[in-house]
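Data first, discussion second: the structure below is written as structure tokens.
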Amino acid sequence: MRSYIPAQADAAPLFDSTELDSQSARAAFAQDLLSGLKRTPRTVPAKYFYDAAGSALFDQICELPEYYPTRTELKILADFAPQMAAQIGPDAELIEFGAGSLTKVRLLLDAFETINAPTCYLPIDISGEHLENAAQRLRTLYPRLNVKPVVADYMQPMSLPATESPRGRRVGFFPGSTIGNMEPDEALSFLHSAAEMLRGGGLLIGVDLVKDPARLHAAYNDAQGVTAAFNLNMLRRANLELDASFNPAGFNHYAYYNPILQRIEMHLISKRDQTVSVMGQRFSFREGETIHTENSHKYTIDGFRNLAVQAGFRAGPTWTDAENLFSVHWLHAPAA
Ligand code: AVI
């Protein structure tokens, strides 16, 4: 298992965003795409959806009528933020994994009395420019909050900047059910590392739930075709960054719920026999052959709580919506 433990805070930053954003990111994409296309079945990691165009498409997905997770989680956060704030406790050091545009955290921050509010907020995200802009806006809105963005891939080992003798507990915030995009062993490893890193504090985490497959199917096969465009964007990105020769019109978006593995699987299916080149290497696709691009695992409430306990947490309260579509869990980390 890989370890995701951020090394303890001694030195300041960490990963250089330009390095992450350019050369090494391109090299990693090349390596993962080439090795993924040589595998059977062909697989490309879902993290490569998120270039600027892919991130914009994902933002559109979050607004779609069929895609319930984002708005449902926001409503749960809005409805139960005071209870969540009580679990977080006073003067916390809040660490958000995969923070993006820093909107969800505001629902939590607004639930605190000023005197008890988190003193320090470390949003971790891979996109440096985006993160710094969002951090700047947040500083204006919450002048007493020490906002320290960390440009890093939270799935890789990293270090966190030192904070001035934090008074409160260290608390993780991981909304969006991004944990569902990890394989179960990766999710366990991530949670295990988080439990260590958050000793004495806790983790607030959003998790999408098992439900009627028709509802899930609709969420990943929207009528406007935005999810299809998001999936196909992986090929467009490979053409732009790696000089690949994919014809996106030669592939179909295919997403279905696998009830045995409790996950949505997204694939790109070749519409015909075709040959594609990537960085000078040629790959032949038969008609109907797939590239597996994403898994989105769904959990039962008990299934997720059991996973968290296996990772070393003690399960606290879980909040859901009226239809039981989505869940937000408070997990107690082990004692410091
Ligand atoms: C980011 N992640 C939680 C989304 C999900 O639902 O698994 C990504 C996504 N894929 C297709 N639609 C949205």
Side-chain angles (χ1 to χ4, degrees), residues 1-6 45-50 58 61-62 67-70 72-74 76-77 84 87 94-100 103-105 108 122-126 150 152-158 170-198 201-211 216 219-220 257-258 261-266 293-321 324-333:
M1 266 194 247
R2 280 190 288 166
S3 163
Y4 306 121
I5 302 177
K47 65 181 173 183
Y48 295 113
F49 284 138
Y50 301 95
F58 180 65
I61 288 175
C62 293
Y67 193 75
Y68 62 85
T70 311
T72 309
E73 183 181 48
L74 282 169
I76 297 170
L77 291 172
M84 295 171 187
Q87 294 293 339
L94 198 58
I95 297 164
E96 182 169 351
F97 301 99
T103 43
K104 290 179 183 168
V105 72
L108 292 180
L122 288 85
I124 306 174
D125 202 275
I126 201 156
V150 179
D153 176 356
Y154 58 84
M155 292 298 286
Q156 305 296 332
M158 63 175 148
R170 192 179 249 192
V171 166
F173 182 42
F174 194 22
S177 200
T178 305
I179 194 153
N181 297 128
M182 300 178 195
E183 293 310 302
D185 67 329
E186 288 177 323
L188 182 62
S189 182
F190 172 82
L191 288 171
H192 189 265
S193 301
E196 282 304 315
M197 174 194 165
L198 301 169
L203 176 65
L204 189 67
I205 180 168
V207 181
D208 197 12
L209 295 176
V210 167
K211 60 183 61 64
L216 286 165
Y220 292 83
Y257 183 61
N258 179 335
L261 298 174
Q262 294 189 172
R263 68 189 195 192
I264 286 282
E265 293 187 16
M266 292 217 311
T293 50
E294 186 181 58
N295 289 323
S296 187
H297 294 85
K298 311 302 169 189
Y299 288 88
T300 61
I301 288 176
D302 284 347
F304 185 75
R305 286 162 67 96
N306 288 339
L307 186 75
V309 167
Q310 259 188 69
F313 285 102
R314 183 166 59 81
T318 297
W319 299 275
T320 60
D321 55 293
N324 268 316
L325 298 176
F326 200 91
S327 58
V328 178
H329 301 252
W330 173 257
L331 305 173
H332 300 272

Nearest-0.5 Å distance that lies between atom [atom1] in [X] and atom [atom2] in [Y]:
X	Y	atom1	atom2	value
T70	D208	OG1	CG	9.5 Å
I264	N181	CD1	CG	11.5 Å
M197	F190	CE	CZ	8.0 Å
L77	T72	CG	OG1	11.0 Å
D125	D153	CG	CG	9.5 Å
H329	F304	NE2	CZ	5.5 Å

Work out which heavy atom in [X] is nearest to a heavy atom in [Y]; give both atom names and the distance.
X	Y	value
I179	A187	CG1-CB, 3.8 Å
G176	K104	CA-NZ, 3.7 Å
E73	V328	CG-CG2, 4.2 Å
T318	S327	CG2-CB, 4.0 Å
A219	Y68	CB-CE2, 3.8 Å
Y257	Q262	OH-CA, 3.3 Å

Mind checking side-chain contact (heavy atoms from CB on, under 4.5 Å) for H297 and listing every partner two or more places apart, or none if nothing turns up?
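By the side-chain contact (heavy atoms from CB on, under 4.5 Å) rule, H297 matches E183, P184, R263, N295, Y299.
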Please list, chain by chain and in numerical order, all residues satisfying side-chain contact (heavy atoms from CB on, under 4.5 Å) with Q87, sequence neighbours excluded.
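Scan of Q87 (side-chain contact (heavy atoms from CB on, under 4.5 Å), adjacent residues dropped) gives P317, W319, W330, H332.
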Does some side-chain heavy atom of M155 sit less than 4.5 Å from a side-chain heavy atom of K47?
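Result no, sub-4.5 Å side-chain heavy-atom pair not found.
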Contact between L203 and F97 at the side-chain level, heavy atoms closer than 4.5 Å - yes or no?
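A side-chain contact under 4.5 Å exists here.
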Assign the ring pair Y50 / F58 to parallel, tilted or perpendicular, where the plane angle (0 to 90°) is split at 30° and 60°.
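Perpendicular, since the angle between the ring planes exceeds 60°.
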Walk me through whether F313 and I205 qualify under side chain to side chain contact (heavy atoms under 4.5 Å, CB included).
CA-CA 12 Å; F313 285 102; I205 180 168; over 6 Å; no
Quick one: which of T320, L325, T300 gives a side chain to side chain contact (heavy atoms under 4.5 Å, CB included) with L209?
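Result for side chain to side chain contact (heavy atoms under 4.5 Å, CB included) with L209: T320.
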Audit row: L331, L198, side chain to side chain contact (heavy atoms under 4.5 Å, CB included) steps and yes/no:
CA-CA 10 Å; L331 305 173; L198 301 169; over 6 Å; no
Side chain to side chain contact (heavy atoms under 4.5 Å, CB included) between I76 and M84, intermediate numbers included:
CA-CA 10 Å; I76 297 170; M84 295 171 187; 4.1 Å; yes
Using atom types as modelled and distance alone, determine if a side-chain donor or acceptor of S193 lies under 3.5 Å from a backbone N or O of S189.
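Checked: pair present.
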